[in-house]
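Residue numbers begin at 1 in each chain, while the letters A, B, ... track the order of the sequences.
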Amino acid sequence: MSEYLFAQEEQRWQAYWEEKGIYRTPDDPNLPTYYVLDMFPYPSGAGLHVGHPLGYIASDIMARYHRMRGYAVLHPMGFDAFGLPAEQYAIQTGQHPAHTTADNIKKYTEQLRKIGFSYDWSRSVTTSDPSYYRWTQWIFLELFNSWYDRDAHNGVGRARPIHELIRHFEMRGTYELHAACADDTPVFTADEWKLYTEAERSEQLMHYRLAYLAEAQVNWCPALGTVLANDEVKDGVSERGGHPVEVRMMQQWMLRITAYSARLLDGLNDLNWSDAIKEQQRHWIGRSTGARIRFKPETLETHHQTHTLETHITLSSTEEEPIEVFTTRPDTLFGVSFLVLAPEHPRVMALTHPTRRREVERYVLQTQLRSERERMAEVKTVSGVPTGRHAVNPLNSARIPIWIADYVLAGYGVGAVMGVPGSDERDWRFAQHFKLPIIPVVEGTNPEKGAESQRSARMINSDFLDGHTADEAIPLVIERLEQLGHGEGTTQYRLRDAIFSRQRYWGEPVPIAFGDHGPVAVDTSDLPLLLPEVDKYLPTEEGEPPLARAKDWSYHRMPLETTTMPGWAGSSWYFLRYTDPHNTKEFASRIHTDRWKQVDLYMGGAEHATGHLLYARFWTQFLYDRGHIGFNEPFRCLVNQGMIQGVSAYMQRVRLPGIKPDENHQTRVLKGFNKNGAPLRWECPSTYTNAWLSAGIQIEGAEPSGRVSVDVSLVEQNRLNCTEWKAQETGRDTQGWLMIGENGHLTAQSQSHNELHSDELIFYTSPEVEKMSKSKRNVVNPDWVVKKYGADTLRMYEMFLGPLEVSKPWDTQGIEGVFRFLQKLWRMCHPGGQFSLDQGEPTDQEWKSLHKLLLKIGSDIERFSFNTSVSAFMIAVNELQTMGCHKQAIIDPLVRALAPFAPHLSESLWQAMGKPESVHLSAFPEGDPERVREDNYDYPIQENGKMRFNLNLPRAASAEELQALVMANPRVHQLCGERKPKRVVVVPGRIVNLVF
RNA sequence: GCCCAGGUGGUGAAACCGGUAGACACGCAGGACUUAAAAUCCUGUGACCGAUGAGGUCGUGCGGGUUCAAGUCCCGCCCUGGGUACCA
């Protein structure tokens, strides 16, 4: 056998590994543990393309490497199986999403198995499996039955059981309670609590639960009949499908992730994640520190009232209440010349002067009508309307007008700002536009030109703050405001509570029923609450979610919640389940989660930066607070693999110039240039008005009329396989087509005498690197690669392509290099076609090649530099081949080092050596620096920093000795000539530089 | 606009602490073996000058700087990709 028959060998070893169960996670509690996890894939119907396994291959190398280094390795794979595509398919075809999902999982699993990953499949989990989502529902109920105590843990805060909150209410009401809740949460005494009805108590508790029901502004997508999360909406349309989205108020289940804002932000510092992802999360959470300041509105002269007494009283009380604003620059308080409320601010109408009511109403209505998209498009246009009322600056009693404007967002801070046009760019534009006064409060402000927000500048016109910088002034103002009771220092977060309800079928049912006194949790012993059968996967006629179609959707005669959980519910805790996947008593036992702890290496795409990665951290911290696990961050080290892009092949289509009526109608002559600019002429049938042009060809008078991609499998080095293309196109396109290539033309129905045969036409497509997708026809399927080159080649080539974190295009041609390397190694062990290794003692040179490799691989793996590892293997094998080495003493460790990268071929060679056990159970070989040490080093000799030649000098020589040796060398004399070096820089072990 | 990556041959890339730029591979060109092809092996391959030699000049997005020495450090800009946006 002179050739490595990969197909046969790979199948054989995959069966062998499975039979021996060598990737099963070891139970031995004495072994050090290593948990490597790939991000949960959604099993889409399209299957895998070559981009998907990139991260899986890298993590598999790490898993195998650690296994060989004596770690107990947990390396599982499972499926995030609930989701919209299966549901959409169900809506279209009536096929139950569970069936589609099962088919897709089967397909994915088969594809993954062929690549030879070392997953412990016995631990696989699927989120749509009731035995799994039972625990997703259970965690939801834990959230429902928890509140967040901000005072716990020395002010860090901690989630606590809801019954402890009830006890607090019974003893002290809301007195001395610092809980995460909305700002407008009512205050009550213990006595009031005791008098509340059950329904009222339930309503009060809802303000504190970590999973709670609230009226929320949501992104309603009519086309999908569902609500989308903010990160599922891009540019005003749904991320999936691109359907329009509108803003609506709806009753939703929410998760109080904002309780964890500070911890989620601060926790980032200790994580071994890329700065890019950490920055994205920081920005998403968006902490800003500043102050809330209350401005008292001027009393309204009430001489015009026509209200009834009752409404008059309620109105005037809100009229009198101070207006609260949030600012990060309380130091600029003396520069305030107006207040602005968001149009959605609840007190807009109450604070509007009756004479202005009409105008304000119109403005509010107008902003409501404008879509998100429009508002985004007109970011720089200034609009707003005065309320006709004024407020008073709490520090200097200045009278300032109150405005309404849409540049203030209801959803951030308190929905109201103080306008400081001297120090804020937006306030400045607003003041400029409406001719409001601009009071400079920091030195160097030019009110004519713009705002000055420098924090280091000295304050002016600011009473007791004058002469201070912003950082000095801020605590002073806050102190004064707190003394006067007009405000206090505070911290705001951009992060919003997460909407948890989905108006969809294919998700986990929310285990809540609605009783007479409010929501009731399904008893945990009744979980899982199974997803019911429905006749259609669509919303009901009344716009209720699909679950409302289910027969008898109730719990102890109480109607059940009809929304389901979002995709991220199941994926927020799955890494815990893998430690104990078959547990029927708990989501995972502490014994197992304590043993494996955090994921040591989490591999996946950067697109989950603010979604999955944030929610998973939130759930982990919550489960930690409630004592269910012993750590509060899920993923210690995160590596984001880059994308593998596709190279699409495009053909240019042109409209040919018109033919004059008197011309010969059989053929026509086209003139133009080829891609090198050489003039060309073609004689073509005149019946065609359109043509495809080979890349770079120009035709006089022709107009481009679009381009079309062709399947990449028909293209090699940009040259189109015209025969194949013709075979595919002729069936579809009855109109016929004309192709103009480098050397002639081709049509669908060979009708012209001078037409080339499809094999002869040289036709180039234009390559373009873009995302790999079906629609761009640039998808390369791993099954195809495995079939043609084998799994080991695919694995090594994906690693060889470039650094793991970087995006790079797939080039099928390049794969030959890796394929040849593996074949070369195989032949090295099969001299004359038979397996045979030399039992002799290797030479120093042979040892050196081996240990150079081992040292390199060891350090490369530690820093995920797998592309250079593959090169190192190639270099070693090239060197050994040149030396004619096929000694077992060298090949044995080399094969073990190769095992994580090319598990099949190394197993073939290993077992051919007569080893009793799998190579994957052997020890990873260590490099020995002694074996690569050399006595001499080729010193580069530089002239003024420019490399001239090398001198072979003893490595042990000191700088002085080296200088003496160099200066005595005849080649150096020749280089110097008459000149004498001004200075000789000698860096032992590196370089010698002669400076003239 | 702001934040984060990145920009090196025809292509993917390497250079890990400031020390020989382009390792390894693809592609291309030439050669050996073969009736031929495939496979394999050998040689060359950044650009320019020079004779195809010896040798030299230039060269890591652009312009400056620090240094004996810069792809690497500093300052200013340009471009590409990702994120984000009246966030007070």
Pair assignment for [N], Watson-Crick or G-U wobble, requiring both distances under 3.5 Å:
N: B:C17; value: none
N: B:C77; value: B:G61
N: B:G12; value: B:C24
N: B:A69; value: none

[N] phosphate, OP1 or OP2: any side-chain N/O from [X] under 4.0 angstrom?
X: A:R820; N: B:C41; value: no
X: A:R426; N: B:C87; value: yes
X: A:R827; N: B:C41; value: yes
X: A:N867; N: B:A14; value: yes
X: A:N878; N: B:A25; value: yes
X: A:T328; N: B:C87; value: no

Q.
Assess, by modelled atom type and distance only, whether the side chains of A:E768 and A:S648 contain a donor and an acceptor separated by less than 3.5 Å.
A.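 Note: A:E768 and A:S648 side chains miss the donor-acceptor criterion.
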What is the nucleic acid contact for [X], judged by heavy atoms within less than 4.0 Å: base, sugar-phosphate only, or nothing?
X: A:D424; value: nothing
X: A:V995; value: sugar-phosphate
X: A:K824; value: sugar-phosphate
X: A:Q942; value: base

Can you tell me, in whole Å, how much space there is between the [atom1] of [N] and that of [M]?
N: B:U52; M: B:A69; atom1: C1'; value: 34 Å
N: B:A23; M: B:G12; atom1: C1'; value: 13 Å
N: B:C24; M: B:A14; atom1: P; value: 14 Å
N: B:U11; M: B:C28; atom1: C1'; value: 11 Å

Q) Is the distance between the ring centroids of A:Y789 and A:F6 less than 6.0 Å? A) no
(Q) Tell me if the centroids of the rings in A:Y797 and A:W810 come within less than 6.0 Å of each other. (A)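 When the ring centroids of A:Y797 and A:W810 are compared, they turn out to be within the sub-6.0 Å range.
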Q: Can you figure out which of B:C86, B:C26, B:U84 approaches the side chain of A:D406 most closely?
A: B:C86
Q | Closest listed nucleotide, where the reference is the side chain of A:R494 and the choices are B:U20, B:A85, B:A69 | A |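 Of the candidates, B:A85 comes closest.
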Q: May I ask you to check if A:R426 and A:Y407 form a cation-pi contact, with NZ or CZ under 6.0 angstrom from the six-membered ring centre and within 45° of the axis?
A: no
Q: Determine whether A:L825 and A:L905 make a side-chain contact, defined as any pair of heavy atoms from C-beta on separated by less than 4.5 Å.
A: yes
